[in-house]
Protein chains: 2
Amino acid sequence: MKEIEQRLTENGVRPTAMRILIYKYLAEKEAATSLTHIETAFAKADRTTLYRTLKTFEDKGVVHQIDDGTGIQKYALCETGCNCELEQDLHLHFHCNNCNETICLTEHKIPHINLPDGYVAEDANLVLKGICEKCSGK
Amino acid sequence: MKEIEQRLTENGVRPTAMRILIYKYLAEKEAATSLTHIETAFAKADRTTLYRTLKTFEDKGVVHQIDDGTGIQKYALCETGCNCELEQDLHLHFHCNNCNETICLTEHKIPHINLPDGYVAEDANLVLKGICEKCSGK
DNA sequence: CAAATAAATGCACTTCTGTTGCACACTTGT
DNA sequence: ACAAGTGTGCAACAGAAGTGCATTTATTTG
C-alpha cells in the first residue's frame with residue numbers, strides 16, 4: 001500500500017484514496033483497461049473522476065494509453081523507470097480476438113523501420129491481433 | 001470512368017452513381033479518408049449512404065479500414081489485387097502530426113514478430129507517427 | 001411492357017465514448 | 001483558522017458509429 005503512495009508521489013501525483021484504489025486496480029489486472037471497465041468496477045465513483053485520474057496518471061507517466069484498434073482508449077501501468085516517450089521504450093501490444101483483452105508485451109520492442117526520405121518518425125504503435133495464450137489453450 | 005465501374009463490378013459491388021463518385025474521390029486523395037471528411041465533400045448526400053457505401057467497399061475488398069490512433073476510422077483504396085486479410089499484405093501507415101493526414105506506405109510491410117508461446121497472430125497494425133514528407137519540407 | 005422483387009438511398013433516432021464547465025469538498029501551508 | 005490550491009461529483013455537450021424504417025431506384029420475371 002505504502003509502495004503505491006510512494007510511486008505516485010515520485011511521479012508528482014498526490015496520492016488520494018481514490019487514486020490509490022485505481023492504481024491498485026490497474027496493478028492487479030494484467031490487461032489494459034478502459035474507462036468503462038474501471039467505471040463498472042468503481043460504481044460509486046464518478047466517471048469524471050476516473051477519467052481525470054487516468055489523464056493525470058498519463059500526464060505524469062504512471063500509465064500509458066493504448067490504442068488497440070477497438071476504438072476504445074485503454075490504459076496500462078508503466079513499468080518502473082519506463083520512458084514511454086522514447087522510441088526505444090515502445091513495446092507492442094497484443095489484442096485477443098477471443099477474450100477481447102489487450103496486454104502489453106513489454107519484452108517485445110517495436111522493430112526499427114526505414115522510412116522513405118522526408119519522413120521523420122517520432123512515435124509508433126504496433127498491435128498484433130489474434131489468440132492469446134489463455135485462449136489458445138496454451 | 002469505365003475502369004471504376006469495372007473495378008467495382010469485379011469486386012461484386014454494383015456501380016451506382018454515388019459509389020462511382022465516392023470511389024473517384026478516394027482515388028484522387030492520396031491520404032486515408034474519414035467518413036466526416038467524405039461527408040463534407042459530398043454535402044448533398046446523406047451520411048448513412050456514405051457510411052454504408054464505405055462498409056460495402058470494405059466488405060468487398062475495395063477499401064481497407066485504417067486505425068491511425070486518432071480514434072477516427074479512415075479508409076483507403078486497396079491496391080489492385082491486394083489481399084488485405086493475408087498477413088504478408090499488411091503494410092504500415094504513417095500519420096503526420098503536423099498536417100494530420102494518414103497515408104499508406106504500401107511498400108513497407110510489417111516485419112514479422114516472434115511472439116511468446118501460446119500466442120497466435122492473425123492480424124497486425126503498425127502506425128508510425130511523425131512528420132511527413134510534405135511537412136518536413138522535403 | 002408491367003408487376004414483383006431486390007437493392008440502394010435518405011431521414012430520424014439511439015448509443016457509446018470522450019470531454020468540459022461549474023460548484024462543492026477537501027487538503028495544505030502560512 | 002484562513003486562503004489558495006487541488007480533487008471530486010453532477011450535469012450537460014460533442015462527435016462518431018450504428019440501426020430501423022420508409023421511400024426511391026434498379027433488376028428480374030411473367
Side-chain angles (χ1 to χ4, degrees), chain A residues 4-26 32-60 62-76 95 100 102, chain B residues 4-26 32-60 62-76 95 100 102:
Chain A
I4 296 181
E5 285 190 39
Q6 192 186 335
R7 178 93 164 83
L8 291 179
T9 309
E10 274 170 15
N11 285 61
V13 178
R14 288 222 311 235
T16 68
M18 194 83 260
R19 287 170 175 175
I20 293 172
L21 283 175
I22 296 175
Y23 188 101
K24 212 175 148 198
Y25 180 76
L26 290 173
T33 313
S34 71
L35 175 60
T36 310
H37 218 120
I38 296 181
E39 208 181 332
T40 56
F42 292 85
K44 33 193 172 170
D46 189 71
R47 205 163 52 97
T48 313
T49 303
L50 302 172
Y51 171 73
R52 285 200 250 244
T53 299
L54 288 174
K55 285 294 174 202
T56 306
F57 280 5
E58 194 190 355
D59 281 354
K60 300 305 173 66
V62 177
V63 303
H64 59 279
Q65 202 184 66
I66 300 166
D67 170 30
D68 62 2
T70 58
I72 297 165
Q73 293 176 204
K74 306 231 170 106
Y75 300 86
H95 178 78
N100 254 305
T102 301
Chain B
I4 296 181
E5 285 190 38
Q6 192 185 334
R7 177 93 164 84
L8 290 179
T9 309
E10 275 170 14
N11 285 60
V13 178
R14 291 223 309 237
T16 67
M18 195 83 258
R19 287 171 175 175
I20 292 171
L21 283 176
I22 295 176
Y23 189 101
K24 212 175 147 199
Y25 180 76
L26 290 174
T33 312
S34 70
L35 175 59
T36 310
H37 218 122
I38 296 181
E39 207 182 332
T40 56
F42 292 85
K44 33 195 171 171
D46 189 71
R47 204 168 47 94
T48 313
T49 304
L50 303 172
Y51 171 75
R52 286 201 249 247
T53 299
L54 288 174
K55 286 293 174 202
T56 306
F57 280 6
E58 193 190 355
D59 280 355
K60 299 305 173 65
V62 178
V63 303
H64 60 278
Q65 203 184 65
I66 299 166
D67 169 30
D68 62 2
T70 59
I72 297 165
Q73 293 175 204
K74 307 233 169 105
Y75 300 85
H95 178 77
N100 254 305
T102 301

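Every chain is numbered from 1, with letters handed out A, B, ... down the list of sequences. Since this is a predicted model, take the numbers as computed values, not measurements.
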Over how many whole Å does the gap from B/I66 atom CD1 to D/dA16 atom P extend? 17 Å
Expressed as a whole number of angstroms, how long is the span from A/E39:CD to D/dT8:P? 16 Å
Whole-Å distance between D/dT6 C1' and A/K60 NZ? 11 Å
For the pair made of CG in B/L8 and P in D/dA26, what is the distance, rounded to whole Å? 16 Å
With B/T102, which of B/T70, B/T33, B/D68 fulfils side chain to side chain donor-acceptor pair (under 3.5 Å)? B/D68
Taking only N and O in the side chain of B/K55, is any of them less than 4.0 Å away from OP1 or OP2 of D/dG18? yes
For every nucleotide of nucleotides 8-16 of chain C, 5' to 3': is a protein heavy atom under 4.0 Å from its base (B), only from its sugar-phosphate (S), or from neither (-)? SSBBBB---
Heavy atoms only: give me the nearest B/R19-B/T53 pair and the separation to one decimal. CG-CG2, 3.9 Å
Distance test, side-chain N/O of B/Y51 to OP1/OP2 of D/dG18, below 4.0 Å: yes
Can you tell me how far C1' of D/dT8 sits from CZ of A/F42, to the nearest Å? 15 Å
Report the distance from atom CD of A/E58 to atom C1' of C/dG18, rounded to the nearest whole Å. 13 Å
Taken to the nearest whole Å, CD/B/Q73 to P/D/dG15 is 17 Å
According to ring-ring contact (aromatic ring centres under 6.0 Å, His included), who are the partners of B/Y23, at least two apart in sequence or on a separate chain? none
A/Q65 CD - C/dT17 P separation (whole Å): 15 Å
State, yes or no, whether a side-chain contact exists between B/I22 and B/F57 at a heavy-atom distance under 4.5 Å. yes
Is there a donor-acceptor pair under 3.5 Å between the side chain of A/D46 and the backbone N or O of A/T48? yes
Return the set of residues passing salt bridge (charged side-chain N to carboxylate O under 4.0 Å, His left out) with B/E10 (not counting sequence neighbours), or none when no residue passes. none
